[in-house]
Asker: 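The following block contains the structure, expressed as structure tokens.
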Amino acid sequence: VRRGKIASGKIGGKAAGMLLAHRILESAADDEIKACLKKPVSYYIAADTTYDFMSANDLTHWADQKYKTDAEIRAEYPQIQKEFLEAEFPTDTLEKLSELLAEIGHEPLIVRSSSLLEDNLNLSFAGKYESIFLPNQGSLDENLHHLTKAIQRVYASIFNPDALLYRRSKGVQDYDERMAILLQVVEGERYRHYYMPHVAGVGFSRNLYRWSSQIRREDGFLRLVWGLGTRAVEQTGNDYPRLVALSHPLLRPESSPRDVHRYSQHFVDLIDLRSNQLRTLPIHEVIRSDYPILRYLGQLDMDGYLVPIRSKIHPEDVDRLVLTFEELLKRSSFAEKMKKILKILEQHYQVPVDTEFTVSIKEEKPNEPAVIISVLQCRPQSHFQGNNVHLPSQLTAEDIIFSTRRMVPRGHIKGIKYVLFVSPEGYYSLPTATARAGLSQAISRLNVALSGETFICVGPGRWGSTNPDLGVRIGYSDIYNTKALIELTGEGVGEAPPEPSFGTHFFQDLMEAQIYPLAIYLNDKDVVFNRKFFYDPPNHTQEFYPGGAPLKDCLRLIFVEDYRKGHSLEIAMDDEQNRAVAYLNPNSNS
């Protein structure tokens with residue numbers, strides 16, 4: 001740490017977690033695991049630099065931002081970003097950063113937040129602060145300019161509404177939240193004029209979601225992507241990572257080759273060395289038949305059948321490529337090694353863990369790939385605190401509001417008084433992106449107005465998607481008071497069946513806040529969805545948010561007692577039976 005550290009102070013939770021993970025594995029793993037590990041090249045800008053920078057640029061007046069209202073925090077954040085980006089570093093800091101860049105050369109970099117609170121037990125801050133990729137392909141002065149601006153953006157993100165409201169909800173609002181910076185050389189390989197890892201992903205030592213009764217929770221779970229790991233940790237909405245249950249690595253959630261193709265990765269995040277920028281491109285625009293490890297990443301779709309790649313493919317067959325990672329999982333020891341790594345880390349952390357990692361594939365022997373694994377981050381895994389749940393044995397059809405068997409966690413929500421319902425037809429009839437942004441703002445206002453009430457949210461597509469065409473675009477700060485987020489798809493609501501967001505930063509937020517995610521795929525034969533409950537009762541939106549009148553055909557706030565006097569809603573979720581049921585139950589004081 002001393003060799004790679006700039007300035008005085010602590011290196012922050014994210015950097016400490018990464019170093020601790022490697023120290024544990026170096027000490028406790030067997031020789032086979034040790035041989036496949038690679039520690040990322042890392043540098044540390046210590047946390048004290050945050051306050052030095054703010055003091056030198058007269059930015060300390062923003063320190064009281066955390067005590068302001070939700071609306072003020074949101075409204076003033078763009079000004080904070082502007083002022084931080086217009087500020088300047090002291091000359092001595094610039095000299096140290098310039099020396100560092102001269103030492104690194106033109107290796108691509110990532111500037112990662114590493115605040116004092118990050119990656120603590122029950123305080124992951126997943127996705128709350130900025131992480132910024134830097135291609136680093138310009139002159140020294142250009143690279144220094146981009147580096148300082150990236151650091152300033154990370155500093156400004158201390159005041160991100162999601163971060164401040166997260167701290168408030170966790171009771172650490174008054175804690176000293178200085179920001180260290182973890183500066184790392186990006187793990188990856190050059191291919192053509194691009195740079196990206198062979199594989200990147202997130203790994204969990206406990207699998208909270210099972211799509212088959214065969215899957216063992218204690219063996220862990222992965223989300224894999226080709227390229228930079230951003231698509232593994234974000235709710236992109238229009239793309240799908242490979243989901244791997246480490247107890248049964250080849251067991252997929254999809255049931256047909258058509259679905260495997262459809263719900264695979266279609267875009268790749270990478271660094272374009274020629275244009276000196278981070279880009280997202282269709283996979284078929286990047287990959288060619290000469291890609292060295294193509295056979296381990298993809299299969300060919302031959303008119304509805306997926307076949308492995310046995311030899312070099314013809315250039316015209318690249319369009320048939322489907323990223324399945326099947327041969328990597330089948331032919332290498334990668335899955336077994338990840339299972340061992342996660343178990344060792346869990347054992348020494350004494351709690352389940354989640355990690356971010358990259359994989360480099362080396363074909364040392366024909367058809368026997370070796371893997372080099374770099375653990376980039378490690379922290380305690382958040383979890384739902386549900387006790388053993390038993391579904392009610394005697395329920396009439398009239399009592400059930402909905403039921404589903406899609407990726408069910410374990411838990412029980414009692415006394416639900418309100419249901420915030422975004423009607424699918426109303427949402428998809430909103431004419432503009434501005435109108436959909438207005439809906440997100442209304443949901444955020446209702447979230448604050450309903451503080452102290454027990455309510456759930458039900459809506460079409462994917463909550464938290466970055467693509468508003470595929471679901472309501474909201475963040476943690478918009479829904480932190482709700483008890484559940486329920487996604488509707490099928491029957492014209494949306495083409496895609498729900499893909500579990502487990503492993504994304506958004507999912508981390510839900511787990512920590514004990515907000516249960518559920519999915520109702522209306523095409524499932526045994527699903528129940530009581531349309532009368534969602535459409536017939538009066539709409540109470542304007543009572544809590546008078547500005548919601550233009551959204552009356554889209555946004556409905558349902559008071560459960562309007563549907564059945566003296567009753568509230570309960571949701572029982574049994575992960576053993578993989579079934580969740582929402583049903584009406586008499587209030588205890590009725």
Side-chain angles (χ1 to χ4, degrees), residues 18 21 25 33 35-40 108 110 133 184-192 194-204 220-234 236 239-246 249-250 252 260 263-271 278 280-284 286-288 290-299 306 308-309 321-342 354-364 367-378 502-504:
M18 182 269 296
L25 294 169
I33 296 298
C36 79
L37 292 174
K38 179 187 177 187
K39 186 184 295 183
I110 180 170
F133 285 98
Q184 293 181 311
V185 173
V186 177
E187 293 293 325
E189 288 77 27
R190 294 171 186 255
Y191 171 67
R192 299 171 58 202
Y194 303 122
Y195 187 93
M196 66 281 192
H198 289 152
V199 181
V202 289
F204 294 78
F221 173 91
L222 306 177
R223 288 168 66 96
L224 302 180
V225 296
W226 176 48
L228 301 174
T230 44
R231 303 191 84 75
V233 299
E234 294 176 0
T236 58
D239 218 6
Y240 304 85
R242 171 69 193 262
L243 307 181
V244 181
L246 287 173
L250 299 178
R252 303 192 61 120
V260 169
Y263 305 117
S264 64
Q265 182 183 349
H266 301 283
F267 296 86
V268 58
D269 290 346
L270 48 73
I271 292 170
L278 177 70
T280 298
L281 296 171
I283 62 168
H284 296 115
V286 177
I287 207 162
R288 291 182 178 172
D290 63 351
Y291 191 59
I293 55 144
L294 191 60
R295 71 180 68 185
Y296 303 115
L297 299 186
Q299 294 176 286
L306 292 175
I309 300 170
L321 183 72
V322 182
L323 291 183
T324 63
F325 303 91
E326 196 77 7
E327 296 301 302
L328 171 66
L329 296 168
K330 186 181 294 184
R331 293 180 178 274
S332 79
S333 58
F334 166 65
E336 187 62 28
K337 286 177 177 175
M338 282 303 304
K339 184 164 66 174
K340 288 181 179 179
I341 287 170
L342 292 169
D354 79 69
T355 65
E356 295 181 18
F357 60 88
T358 62
V359 182
S360 178
I361 302 171
K362 309 293 183 185
E363 195 169 28
E364 297 176 346
N367 297 317
E368 291 185 26
V371 294
I372 302 297
I373 300 169
S374 294
V375 177
L376 307 177
Q377 186 172 352
C378 182
F502 181 29
T504 66

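All of these numbers come straight from a predicted model, not from anything done at the bench.
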Asker: Of all heavy-atom pairs between Leu222 and Gly203, which one has the smallest distance, and what is that distance?
Answerer: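 Heavy atoms of Leu222 and Gly203 come nearest at CD2-CA, 3.5 Å.
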Asker: State the CG-CG distance between Leu278 and Asp269, to the nearest 0.5 angstrom.
Answerer: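 The CG atom of Leu278 sits 6.0 Å away from the CG atom of Asp269.
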Asker: I want to check something: taking the side chain as every heavy atom from C-beta on, are Val244 and Leu329 in contact at a cut-off of under 4.5 Å?
Answerer: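 Result yes, sub-4.5 Å side-chain heavy-atom pair found.
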Asker: Can you name the closest pair of heavy atoms from Ile309 and Arg295 and give their distance?
Answerer: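 In this case the closest contact between Ile309 and Arg295 is O-CB, 3.5 Å.
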Asker: Nearest 0.5 angstrom please: Ile271 CD1 to Met196 CE, how far?
Answerer: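 If we round to the nearest 0.5 Å, Ile271:CD1 and Met196:CE are 10.5 Å apart.
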Asker: Rounded to the nearest 0.5 Å, how far apart are CD1 of Ile293 and CD of Glu363?
Answerer: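 If I round to the nearest 0.5 Å, the distance is 9.5 Å.
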Asker: Mind checking the CD1-CG spacing from Ile287 to Leu294? Nearest 0.5 Å is all I need.
Answerer: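 So the CD1 of Ile287 and the CG of Leu294 are separated by 4.5 Å.
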Asker: Which residues pass the side chain to side chain contact (heavy atoms under 4.5 Å, CB included) test with Ile283, sequence neighbours left out?
Answerer: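 With sequence neighbours excluded, Ile283 shows a side chain to side chain contact (heavy atoms under 4.5 Å, CB included) to Trp226, Val268, Leu323, given in chain and number order.
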Asker: Is there a side-chain contact between Val359 and Pro197 in this structure, where contact means two heavy atoms from C-beta onward sitting under 4.5 Å apart?
Answerer: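 They are not in side-chain contact.
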Asker: Hey, does the side chain of Gln265 reach the backbone of Phe267 with a donor-acceptor pair shorter than 3.5 angstrom?
Answerer: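 Looks like yes, one N/O pair under 3.5 Å.
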Asker: Any chance the rings of Tyr296 and Phe325 have centres within less than 6.0 Å?
Answerer: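 Not under 6.0 Å, so no.
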Asker: Hey, what's the ring geometry for Phe334 with Phe357, parallel, tilted or perpendicular (30° and 60° as the breaks)?
Answerer: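 The arrangement is tilted - the two ring planes meet at 30° to 60°.
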Asker: Heavy-atom distance under 4.5 Å between the side chains of Phe133 and Leu228, does that happen here?
Answerer: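 In short, these two side chains touch, coming nearer than 4.5 Å.
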Asker: Could you go through Tyr194 and Leu281, starting from their C-alpha distance and side-chain angles, then the distance that decides it, and tell me whether this counts as side-chain contact (heavy atoms from CB on, under 4.5 Å)?
Answerer: CA-CA 11 Å; Tyr194 303 122; Leu281 296 171; 3.8 Å; yes
Asker: List the steps, then state whether side-chain contact (heavy atoms from CB on, under 4.5 Å) holds for Ile33 with Ile341.
Answerer: CA-CA 8 Å; Ile33 296 298; Ile341 287 170; 3.8 Å; yes
Asker: Where is the tightest heavy-atom contact between Pro241 and Arg223, given as atom of each residue plus distance?
Answerer: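 What the structure gives for the nearest pair is CG-NH2, 3.4 Å.
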Asker: Under 4.5 Å between any side-chain heavy atoms of Thr358 and Val375, yes or no?
Answerer: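 No - every pair of side-chain heavy atoms lies 4.5 Å or more apart.
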Asker: Checking side-chain contact (heavy atoms from CB on, under 4.5 Å) for the pair Phe221/Leu243: CA distance, chi angles, key distance, verdict?
Answerer: CA-CA 7 Å; Phe221 173 91; Leu243 307 181; 3.9 Å; yes
Asker: Decide whether Ser360 and Glu189 meet the rule of one side-chain donor and one side-chain acceptor closer than 3.5 Å.
Answerer: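 Result is yes, a qualifying pair exists.
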Asker: Counting only N and O atoms by type, is there a donor-acceptor contact under 3.5 Å from the side chain of Ser374 to the main-chain atoms of Lys38?
Answerer: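 Such a contact is found between Ser374 side chain and Lys38 backbone.
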Asker: Got a sec: does the CZ of Arg190 have more than 12 other heavy atoms crowding it under 6.0 Å?
Answerer: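 Counting neighbours around CZ of Arg190, more than 12 heavy atoms of other residues, nucleotides or ligands fall under 6.0 Å, so yes.
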Asker: Which heavy atom of Leu376 sits nearest to which heavy atom of Gln184, and what is that distance?
Answerer: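 Distance-wise, the nearest heavy atoms are O-NE2, 4.4 Å.
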Asker: Would you say the side-chain atoms of His284 pair up with the backbone N or O of Leu321, donor to acceptor, closer than 3.5 Å?
Answerer: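 Present.
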Asker: With side-chain contact (heavy atoms from CB on, under 4.5 Å) as the criterion, how do Asp290 and Tyr191 come out once you've worked through the C-alpha distance, each side chain's angles and the decisive distance to 0.1 Å?
Answerer: CA-CA 10 Å; Asp290 63 351; Tyr191 171 67; 2.7 Å; yes
Asker: Working to the nearest 0.5 Å, report the span between NZ of Lys340 and CG of Leu25.
Answerer: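 Reported value, rounded in 0.5 Å steps: 12.5 Å.
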Asker: Please report the closest heavy-atom contact between His198 and Ile361, naming both atoms and the distance.
Answerer: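 Heavy atoms only, the tightest pair is ND1-N, 2.9 Å.
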Asker: Which atom names give the shortest non-hydrogen contact between Gln299 and Glu326, and what distance separates them?
Answerer: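 Nearest pair, atom of Gln299 first, then Glu326: OE1-CB, 3.6 Å.
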Asker: Between atom CZ of Arg242 and atom CG of Leu328, what is the distance when rounded to the nearest 0.5 Å?
Answerer: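 It comes to 9.5 Å.
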